[in-house]
Each structure stands twice: as C-alpha cells, then as structure tokens.
Amino acid sequence: MNANLVLAQGENQADRYQGYPRRTKLRTYPENPADKTIKLNLAPYHSLAPKLNALQQKSNRISVEVAGQSGLGRDLYLVTLTAPESPAETRLQEQFRANIEEGRKVPAGLYKAPIWINNNIHGDEWEGTDGALRVIEHLATSNDRETQNLLRRSRIYFNLTANPDGRVAGTRQNNAGFDLNRDFVTSSQPENRAMREMVENTQPLMMLDEHGYVENTLIEPTTPPHGQNYDFDLYIKHGLANGLAMEKGVQGLGHPEAAKPEIPFRDYDPGVWDGWAPIYTAQYSMYHGAISYTIEIPQQVNRQAYDTLPAAELQRRAKINTDVVESTIKTTLDYVDDHRGDLISNQVEMFRRGKAGEPQREIPDGFVPGFGPEDRYRTEFPRAYVITNDRSAPAAARLVDLLVAHDVRVERAEKPFTLGGKRYPAGAYVVDMHQPKRALANVMLEQGSDISAKVPVMYDISGWSHRLLWGASIDIYKNGAFNFNGKNVVAAAPTGSVDAAPGADLALTLNDAKDANAVNDLLGRGITLRRQDDGTVVVPAAERLAAKEVSDRYGVRFTSAKPGGTALQRKVIAAAVGPDELQALRESGFDVRTISTNVLNAGFDWSRIDVLFVSSGLNYAQLNATAKTALDEFLKRGGVVSRGATGSKFNVDANLLQATPVAGWEDANGVVNVVNGNGPIGTGALPHSFVYSPQWFTNLGTGVTVEQRYGSTVIAAGHWRPRDDGTGGQDAAAGQAAVVSGTTTNGAKVVLFGTEPMFRNHPKGLYAQVARAIFWSGTR
C-alpha cells in the first residue's frame with residue numbers, strides 16, 4: 001500500500017502500529033453438530049475461537065485479529081506468529097515494508113520476513129485449516145531455539161479459514177454460491193475483500209494457498225501460459241526451488257499416497273494447470289510481491305467420497321492430508337528463513353522495476369531447469385492510462401475505487417491537461433504506469449491476449465479486462481513525455497448531477513448498473529416513468545427532487561429529455577439463474593424471485609411477475625401439466641430473457657422465438673468484439689462482451705431483430721479454438737447473431753443472449769444491456 005495513503009484510506013494508525021501481540025477476545029459460536037468437518041475428525045468452525053483464545057492466553061507470540069466476516073457473518077481469523085514487538089519496533093517494520101514497496105533496499109538483518117498461509121478457500125477442502133492449526137500451536141508454544149529464532153526473524157500470517165460458511169456446509173463455494181478462488185480481481189465477495197486486504201497489508205515474500213485434492217499432491221509453479229504482466233524471472237527461480245523443497249518434505253513423510261508429488265511446471269503439458277488469470281489467490285498474490293503457490297493435497301475426502309466412504313477411511317485420509325499441509329508450511333518457513341535476504345532483494349527489485357518503468361527482462365532458455373520458449377510471455381507497459389467519465393460517470397468512479405482498493409495508484413487532475421495530443425478536463429483520472437504495482441494495474445486495464453494458438457487447453461478463464469468490460473472510457477498513452485501533476489486519489493469524486501433546466505423532463509441513459517439502480521429506486525417509490533425506443537428512461541419534471549436524490553445516491557446523471565415514450569412500471573423478475581447472475585440482478589436494483597423446475601412444479605404464483613429470466617435450472621419439458629399451464633399463461637403477457645444453453649433450450653421448447661441456437665466450442669471463453677444493432681437492446685451497448693461456452697443464433701424468423709453480432713475478429717482476449725472436427729470455432733462465430741430480440745405470436749417480448757453479460761459478477765459494464773432487456777421485454 002502507498003505509505004502516503006495509509007491514513008487517507010481510513011486505517012487506524014494506532015491499530016497498525018500497536019505492536020505485538022495483539023490479543024483479541026474472540027466471540028464464540030454455539031456447537032454445531034451438523035458441521036461437516038466432524039465426520040472427518042477435523043476442527044469444526046465452532047472450535048476455532050476457543051482454541052485461539054486459549055493460545056492467546058498461553059503465549060505472547062500469537063496474535064489473532066478479526067479480518068472481516070463471511071457472507072453469513074462468521075468471523076475471519078487473521079493469526080500472526082512473531083516474537084513480541086513494541087509499538088516503536090512495529091513502526092520500524094512498517095517503514096521497512098513501505099520502503100520495499102517503493103523499491104528501496106532495507107537491512108535484511110532487521111526486516112521480519114512476512115509469510116502468508118491461506119487456508120480452506122474452497123469450503124470442502126478442509127485440511128489446510130487443520131494443518132495450519134498444528135503449525136500455529138507449535139510456533140506459539142515450542143521453546144526450542146530454532147522456533148524462537150525463526151519468530152525473531154519472521155512474521156507468519158495465517159488466514160485460518162477463508163471460507164467458514166463453506167467449511168461448515170461442506171460446499172466448495174461460499175454461502176452466496178461463488179467460488180472464492182475465481183474472484184480476486186473482481187472482489188465481489190466479502191471473503192475476497194478480506195483476503196485482498198491481508199495480502200496488501202502483509203506484503204508477503206512467500207505465500208501458500210492450501211487446497212485439495214490431487215492424487216499424490218500438486219505443488220505449483222504452473223505450466224504455461226504464465227501471466228504476461230509478471231516479472232517472471234523474479235518469480236520462477238525461488239518458485240521452482242521451494243516447490244522442489246516442498247516435494248522433498250512431502251516425500252519424507254513416508255505416506256505412499258503422497259510419494260510422487262506433481263509439479264506442473266516440470267510435469268504437465270501447457271495449459272493443463274496454467275498461471276494466466278489473476279482470479280486465483282496465488283496468481284493474484286504475485287502482483288503484490290509474493291512467491292506464491294497453490295497446494296493440492298492428495299486424498300479426496302469431499303463430495304462422493306464423503307458420502308460413500310466409511311468414517312474411519314475418511315479420517316485416515318484426512319490425517320494424511322493434514323500431514324501434507326503441515327509439511328508444506330514448515331518447508332516454506334524454512335526456505336524463507338534460509339533465503340530471506342535474497343527474497344527481500346527479489347521483492348524490492350520487482351517494485352523498483354515497476355516504479356522505474358523498466359521493460360520486462362528477456363528470460364533465457366534454461367534459466368531454471370525446463371524453462372523454454374513455451375514459458376515466455378511478456379507485455380509492453382504503456383506510459384499511462386487516462387480514465388474519464390465520457391461514457392458513464394458511475395462506471396469511471398467504480399473502476400477508480402476498485403483500482404485504489406487493489407493498491408493501484410491513481411491521480412486526479414485538478415485542472416485541464418494535455419496528454420498524447422488530447423485535451424482532458426479537470427477531474428480526469430490518470431494511472432501513471434511508473435508505479436510499484438504496475439503489473440497489477442496493467443492486468444486490470446490492458447486488453448489481454450488471444451492465446452488460442454499458443455496452448456491447446458486452459459484450466460479456466462483466459463480473458464478479462466476492466467477497461468473493456470466495466471463501462472468506463474479509458475485512453476491508453478503508450479509512450480512519450482509525461483508531464484502530469486495530479487492529486488493522489490483515496491476515493492473517486494461524486495459523479496451525480498441533474499443537468500436539465502427546471503421544469504423540463506429528465507432523461508437517464510442506461511449505461512451502467514447504477515443507472516438501472518436509479519430507475520428501480522424511482523419506480524419503487526411509485527413514480528411512473530417513460531421508456532423511449534432507444535432505452536432512455538424519462539422522469540417527469542414534477543419528480544425533479546426525487547431525481548436529485550437518486551442522482552446523489554447512485555452517482556447518475558440526468559439530462560434534458562426528448563418527448564415521447566411508453567409508461568414504465570417496476571419489474572418483478574422470476575429468475576432461474578446462477579449465483580453470479582442473481583447477485584448482478586440484485587445489484588442493479590431488481591426485485592428477483594428465484595425459481596427452478598422444482599419450484600414451478602411445487603406451485604408458483606405468477607401474478608406479480610413481469611419478466612422470466614432463464615439461464616440455469618429450468619427445463620420446460622420437465623414441468624408437470626399444472627406448472628406448464630401456469631407458465632404458458634404467463635408467457636401470454638410477460639417478457640422473457642434467456643442466456644446460454646439452458647435459456648436457448650427453453651426458448652425452443654416453449655416455442656417462443658424462431659431462432660436456432662448454435663453452440664461454439666464448449667471451453668471457449670473471454671472478451672469478444674461485437675457489433676451492435678440499433679434495436680432496443682443493442683443500442684448504446686459496449687463494443688465488447690464476454691463469453692463462456694458461447695452461442696449464436698441462425699435461421700431467424702420474421703420479426704426477430706439482431707441486437708448484437710460477433711465481430712469479424714471474434715476474440716479480443718481469451719481462448720477459443722475449434723473442436724477437433726473443425727466446428728465451433730471463432731471463424732464459424734464471426735458475424736453471427738450473438739443477441740437477438742423479438743415478439744412471439746402471443747405478443748410476449750423475448751431476448752436471447754448467446755453471450756454471458758453477468759459472468760461471475762465481473763463484466764459490470766454489460767449489466768446495463770441486461771437491464772435494457774428486462775425493461776423492454778417486460779413492457780407491453
């Protein structure tokens with residue numbers, strides 16, 4: 001974190017410098033016999049606070065702080081092991097950390113090496129917590145000289161359970177249904193925001209993310225592709241060396257089940273276990289200076305194994321897994337202690353290069369054993385990015401706030417300026433790419449790459465871009481003289497305004513979820529609005545005060561309205577959707593009732609529903625006669641929005657729009673170029689969208705409008721190859737209809753999305769397109 005921003009970001013300096021130990025009397029939770037860990041003889045969540053409270057009473061080396069809460073309100077425990085420090089000593093350590101981030105050398109003999117161990121981010125991969133507890137107790141209570149010396153030279157941080165709700169319930173996801181190990185650059189979940197703060201504030205030299213389950217044990221570093229923004233030479237030397245050390249430690253346990261650990265960099269084909277996306281804990285932590293690892297322990301105890309194996313066998317496996325976790329942690333502590341000077345210099349160098357704006361290094365073949373051309377991924381950093389509110393003021397503000405939260409430095413112009421021959425107004429934001437964490441800034445703001453031809457498969461998503469998908473206007477200043485003096489940003493400036501003359505009707509263009517929020521807020525007050533053909537929403541002049549209130553609340557801008565429009569009332573949505581889409585719809589202010597095939601078959605009241613949204617969990621053919629009749633009656637008056645294979649099948653089965661869905665390669669994903677039509681959904685949409693298992697539509701019937709087509713070059717950033725038989729590739733999708741709209745013979749308005757505009761709560765600039773689809777389809 002920028003040392004100059006510590007106070008401004010609201011941190012309590014007294015808390016930050018209070019010294020160690022920091023004892024917190026943790027609240028305890030009632031015993032929960034349904035906790036899934038009990039069957040495995042592992043630590044149930046309700047046992048953690050009493051154990052930590054007892055250790056704090058016993059030892060002055062352990063500190064426990066509550067770093068946040070889960071979605072269900074369970075405490076997240078940050079446990080720190082270190083030798084006692086006075087406030088003055090802590091202040092000195094914080095100054096060393098800040099100096100390192102500025103790329104300045106510090107006395108290695110005085111700086112306490114920070115190490116971060118993250119555990120149980122997938123709730124049904126339990127044993128990271130239990131292995132960490134073993135190490136915590138040993139470090140807190142052991143009186144051997146080696147332990148005492150280690151804690152004088154180190155601070156060891158543990159996120160004891162990153163996903164307590166999933167731990168208790170035995171689910172991979174958190175309570176909201178999100179995979180937390182896919183959410184780091186988006187930070188949509190409270191658990192991820194807590195982890196983000198941990199890695200920023202601790203600035204670890206090395207970190208482990210303890211997972212399961214891969215036979216034999218898996219230890220990163222990954223296969224290619226490696227993130228193109230990394231100074232990979234500063235990572236791979238220690239990344240591979242400690243990986244090999246952890247392998248040796250695990251083998252030394254003597255468990256046949258973990259006799260042959262797998263190191264993807266050494267053992268796997270490209271793409272099978274890649275290091276490309278900044279969505280994972282380990283890959284994200286690298287941008288904050290860490291040599292980082294995902295560890296996959298060997299013996300499966302979750303899902304089918306949990307339900308079918310005897311408890312004794314599950315407990316035997318869990319014991320082996322806990323041993324492996326403990327070994328990887330202890331090996332890593334030893335490695336950092338043995339190489340602390342080199343690791344500190346390594347981190348200093350990463351931040352120094354960023355602040356100096358130096359190009360990435362060319363890494364020669366054989367830099368470490370096995371490094372070759374397939375591992376070489378690089379990018380060219382621009383000199384700066386300029387963020388304006390030309391398209392969407394709320395989007396610009398949201399993006400700036402996110403960048404700052406990720407410890408990216410942003411400045412705001414206090415007067416007009418010129419950069420690259422373009423004149424910018426006061427209030428524009430500049431991301432100077434000569435900054436320590438320029439790699440993190442760039443991975444969020446650059447376009448990315450089409451890596452389809454470089455690797456045959458990818459482990460997960462391959463394209464994301466806050467610049468292309470979040471709705472703000474962003475210019476790239478590639479190189480040249482840079483004369484800009486702005487003010488460091490702590491939070492984006494307010495953006496709301498009402499720019500129409502008194503007595504005039506007010507217009508709101510739906511460019512952002514905040515615009516949809518404002519509309520839904522006004523509709524919720526019982527105000528009748530008007531919707532115009534291009535999607536603009538009109539507020540009567542008599543409701544100017546209400547418009548001013550929502551403008552201030554959501555940061556939206558009202559302008560003078562043109563005449564005309566159809567009456568618009570509040571829309572209630574029946575949604576058969578995934579957790580990410582449900583959160584995005586609710587973030588946009590919609591009243592959503594979740595449904596599924598089972599819910600409809602049990603009986604559902606359609607009387608208050610205006611729009612049906614289908615993307616998951618609803619199969620028309622599996623509805624019973626009563627449910628089908630009720631749904632058919634709704635389809636005579638209500639609107640429909642569908643997405644993906646489930647939505648397209650529903651459209652066909654319910655005989656709505658004449659449009660044949662064509663599935664692209666199932667593993668294709670990323671940011672795509674699109675060409676917008678002038679219909680009610682395409683008008684004003686972004687020129688990019690997102691896909692995951694994409695579709696397009698052919699054989700369109702009379703009256704079906706193409707709202708959006710895939711561009712002639714489809715992928716802007718991502719991975720989309722044809723199938724082995726040559727079908728489903730980018731060439732087949734180019735120019736095809738990606739989003740269509742139309743009216744059924746019964747008069748229902750329908751929108752079909754072949755793209756995925758709410759994927760994992762990430763492409764926030766696309767939410768307005770969804771809102772326009774809902775308002776259009778639900779209005780007769």
Side-chain angles (χ1 to χ4, degrees), residues 387-401 412 424-429 470-474 491-571 584-591 676 678 680-686 764-776 778-779:
I387 303 171
T388 69
N389 55 26
D390 292 353
R391 184 180 188 277
S392 171
R398 179 177 55 242
L399 179 57
V400 166
D401 285 340
R412 185 169 185 262
Y424 293 97
Y429 299 97
W470 274 49
S473 298
I474 306 176
T495 56
S497 65
V498 177
D499 296 334
D505 287 348
L506 309 170
L508 182 61
T509 302
L510 296 185
N511 285 328
D512 190 81
K514 292 293 186 182
D515 299 316
N517 258 299
V519 172
N520 282 319
D521 189 323
L522 293 169
L523 292 171
R525 303 179 190 204
I527 298 172
T528 298
L529 309 179
R530 301 198 309 275
R531 183 194 168 278
Q532 297 180 327
D533 288 343
D534 64 356
T536 299
V537 175
V538 178
V539 182
E543 302 294 347
R544 186 183 182 93
L545 180 60
K548 181 66 169 65
E549 289 176 358
V550 299
S551 172
D552 292 341
R553 178 175 300 173
Y554 301 109
V556 302
R557 294 184 173 179
F558 290 93
T559 57
S560 295
K562 297 177 182 178
T566 304
L568 176 65
Q569 284 86 29
R570 186 161 174 77
K571 306 304 176 190
L585 290 170
R586 286 178 170 163
E587 278 185 11
S588 300
F590 288 105
D591 185 351
N676 294 313
N678 56 9
I681 319 305
T683 299
L686 291 176
K764 296 183 183 295
L766 306 181
Y767 296 179
Q769 187 182 22
V770 176
R772 287 196 295 269
I774 290 169
F775 288 134
W776 176 79
T779 302

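This chain uses plain numbering: 1 for the first residue, then up along the sequence. Atom set for the values below is all heavy atoms of this structure, side chains included, hydrogens, waters and symmetry mates excluded.
Remark: side-chain polar atoms of Gln532 are paired, donor with acceptor, to backbone N or O of Pro563 under 3.5 angstrom. Counting only distance, with no hydrogens or angles, the side chain of Asn676 and the backbone of Leu686 share a donor-acceptor pair below 3.5 Å. Formation of a donor-acceptor pair under 3.5 Å by the Thr683 side chain with backbone atoms of Asn678 is found in this model.
Taking each heavy atom of Ser551 and Val556 in turn, the nearest pair found is OG-O, 2.8 Å. Across Ser560 and Ala507, no two heavy atoms sit closer than the pair O-CB, 3.8 Å. Of all heavy-atom pairs between Ala547 and Leu506, the closest is CB-CD1, 3.4 Å. Of all non-hydrogen atoms in Ser588 and Ala513, the two that sit nearest each other are OG-CB, 3.7 Å. The nearest pair of heavy atoms linking Tyr554 to Ala518 is CD1-CA, 3.7 Å. Taking all atoms of both residues into account, the shortest heavy-atom contact from Pro394 to Gly555 is CG-O, 3.3 Å.
Proximity of Pro494 to Asp552: side-chain heavy atoms (C-beta onward) are nowhere separated by under 4.5 Å. Side-chain contact check for Arg570 versus Asp591: some heavy-atom pair is nearer than 4.5 Å.
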### Task
May I have the step-by-step check of side chain to side chain contact (heavy atoms under 4.5 Å, CB included) for Lys548 and Phe558, ending in yes or no?
CA-CA 9 Å; Lys548 181 66 169 65; Phe558 290 93; over 6 Å; no
### Message
Run Ile774 and Leu585 through side chain to side chain contact (heavy atoms under 4.5 Å, CB included) and show every step you take.
### Response
CA-CA 10 Å; Ile774 290 169; Leu585 290 170; 3.7 Å; yes
### Task
Kindly determine whether Arg530 and Asp505 satisfy side chain to side chain contact (heavy atoms under 4.5 Å, CB included), including the steps that lead there.
CA-CA 10 Å; Arg530 301 198 309 275; Asp505 287 348; 3.5 Å; yes
### Message
Let's go through Leu568 and Leu523 carefully: what are the C-alpha distance in whole Å and the side-chain angles of both, what is the deciding distance for side chain to side chain contact (heavy atoms under 4.5 Å, CB included) to 0.1 Å, and is it a yes or a no?
### Response
CA-CA 8 Å; Leu568 176 65; Leu523 292 171; 4.3 Å; yes
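If you check the side chains of Thr509 and Asn511, you find no donor sitting under 3.5 Å from an acceptor.
Just one residue in the list Arg391, Arg398, Arg557 forms a salt bridge (charged side-chain N to carboxylate O under 4.0 Å, His left out) with Asp512, and that residue is Arg398. The only option from Leu529, Val550, Ile527 that meets the side chain to side chain contact (heavy atoms under 4.5 Å, CB included) definition with Val519 turns out to be Leu529.
Interatomic distance, CG of Asp521 versus CZ of Arg553, reported as 5.0 Å (0.5 Å rounding). In this structure, OG1 on Thr779 lies 3.5 Å from NZ on Lys571, to the nearest 0.5 angstrom. To the nearest 0.5 Å, atoms CG (Asn389) and OG (Ser473) are separated by 8.0 Å. Taken from CG in Leu510 to OG1 in Thr536, the straight-line distance is 7.5 Å, to the nearest 0.5 Å. One distance of note links CZ of Phe590 with CZ of Phe775; it measures 4.0 Å at 0.5 Å rounding. With values rounded to the nearest 0.5 angstrom, Asn520 atom CG is found 13.0 Å from Arg586 atom CZ.
Between Glu587 and Lys764 a salt bridge is recorded (basic side-chain N to carboxylate O distance below 4.0 Å).
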